[in-house]
Amino acid sequence: MTKRFRAKKAQRAQFISQVREISDNHMSMTREHLQKDVQKATGSNAPSILARTAIPAVEFVQTKPSPQLKSHQGGLPHGVTRWPEHAGQPQLFLLAVRLSDLKAVQNLDLLPPEGWLNFFMAPDVMTGAAPLTACAVVFTPDEAAPPLKAPAQNLTGMNVTLKWIRDAHHVPQAHEFATQGEYEAAAAEMNAINNLENAYADPKVHAHNTNSYLLGKQWYANPLRLRTDRDVAAFTREQHGRDDTQLQSLLTLTRVGGQWPFFEGTRVVSVTFFIETSDLHAWQFDRVIVDVASL
């Protein structure tokens with residue numbers, strides 16, 4: 001083995017090690033992890049715009065059934081006394097979050113410490129024909145509450161256990177930046193991380209990653225070629241009768257990873273449930289709205 005070959009082999013091993021570290025960081029991300037990842041991916045030691053604007057979030061990942069984990073994608077809702085409807089038709093049930101499952105990762109105290117959050121959505125949300133209110137989030141504080149039987153077989157889909165991972169959600173949002181140049185710089189940092197990670201991605205790490213979040217950001221919000229169908233902020237101001245309302249993404253589902261079959265055959269790339277911040281702090285979930293981002 002020549003000296004030159006050994007050097008190249010060592011260089012490649014170091015590169016793969018960096019990529020794996022980035023992948024590991026993405027599975028338990030903090031702003032500090034994100035700053036390091038950007039530096040490795042771009043070769044620049046400048047402060048990361050992406051890290052500066054990241055917010056704490058919780059990512060969910062499909063996993064094997066476990067006595068300790070009860071949150072699930074599909075299946076049946078818990079503690080729901082009446083199946084939510086829209087325009088006289090039952091809504092799709094998406095997932096149930098057992099809030100005590102989040103204790104190890106949820107450090108913001110924004111959600112109740114115990115209970116269930118059940119997420120529903122009208123099927124025609126994906127067509128853009130449904131109003132922003134064509135969804136439901138039903139909270140029950142009783143984690144022993146029984147599941148509610150579905151009124152039809154096609155409303156629940158799969159039943160997959162979910163686990164939760166702390167993340168610093170860093171998808172750039174156009175409104176976060178003072179200039180278009182800052183927004184484009186943040187997008188370039190994210191692309192650099194993704195390109196490096198995808199070059200040597202471990203399929204075992206990402207096979208069950210839904211790329212969906214609680215308390216994250218909308219994925220994406222008004223970058224090039226994408227649009228949100230309506231002005232959800234204006235709707236919320238009208239809904240609450242106040243000019244000072246502020247929106248928070250409660251749940252974001254994306255088509256990345258192919259874990260949500262209702263994206264098939266549509267141009268929608270993400271579905272986001274929004275909640276007004278004062279409602280979130282009051283644990284009031286009856287005025288949640290939903291919108292999509294489309295190609």
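This one's a predicted model, so the numbers in the text were calculated from it and none came from an experiment.
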Handout entry: Ring centers of Phe119, Phe273 separated by less than 6.0 Å
Key = yes
Practice task
List for me each residue that meets side chain to side chain contact (heavy atoms under 4.5 Å, CB included) alongside Ala144, sequence neighbours excluded, and say none if there are none.
Solution key: Asp142
Practice task
Sequence neighbours left out, what passes side chain to side chain contact (heavy atoms under 4.5 Å, CB included) with Leu76? Give chain and number order.
Solution key: Pro147, Ala150, Thr156
Practice task
Please list, chain by chain and in numerical order, all residues satisfying ring pair (Phe, Tyr, Trp, His ring centres under 6.0 Å) with Phe263, sequence neighbours excluded.
Solution key: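 Result, ring pair (Phe, Tyr, Trp, His ring centres under 6.0 Å) vs Phe263: none returned.
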Practice task
Using salt bridge (Lys or Arg N to Asp or Glu O under 4.0 Å) as the criterion, list what pairs up with Glu182, not counting sequence neighbours.
Solution key: Arg52
Practice task
May I ask you to test the Ile275-Arg287 pair for a side-chain heavy-atom distance under 4.5 Å?
Solution key: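 No, their side chains stay 4.5 Å or more apart.
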Problem - Beyond-backbone contact of Val271 with Thr252, side-chain heavy atoms, under 4.5 angstrom - result: no
Practice task
Can you tell me which residue pairs pass the salt bridge (charged side-chain N to carboxylate O under 4.0 Å, His left out) test with a partner in residues 112-126, sequence neighbours excluded?
Solution key: Lys103-Glu114
Exercise for the section: Sorted by first residue and then second, give each salt bridge (charged side-chain N to carboxylate O under 4.0 Å, His left out) pair with at least one member in residues 268-278; sequence neighbours left out. Expected result: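 Salt bridge (charged side-chain N to carboxylate O under 4.0 Å, His left out) check on residues 268-278 returns Arg242-Glu276.
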Practice task
For the residue pair Phe93 and Trp83, categorise the inter-ring angle as parallel (less than 30°), tilted (30 to 60°) or perpendicular (more than 60°).
Solution key: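 Plane angle over 60°, so perpendicular.
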Problem - Least distance between heavy atoms, Ser212 atom then Thr254 atom - result: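 Heavy atoms of Ser212 and Thr254 come nearest at OG-N, 3.3 Å.
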Exercise for the section: Check whether Trp116 and Trp283 end up in the same hydrophobic cluster, where Ile, Leu, Val, Met, Phe, Trp and Tyr are linked by side-chain heavy atoms less than 4.5 Å apart. Expected result: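 Result: no, two separate clusters.
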Practice task
Could you tell me the separation between the CD1 atom of Ile289 and the CG atom of Asp291, rounded to the nearest 0.5 Å?
Solution key: 7.5 Å
Problem - Flag, side chain of Gln62 to backbone of Leu162, donor-acceptor distance under 3.5 Å - result: no
Problem - Expected output: side-chain Glu189 to main-chain Val38 donor-acceptor under 3.5 Å - result: no
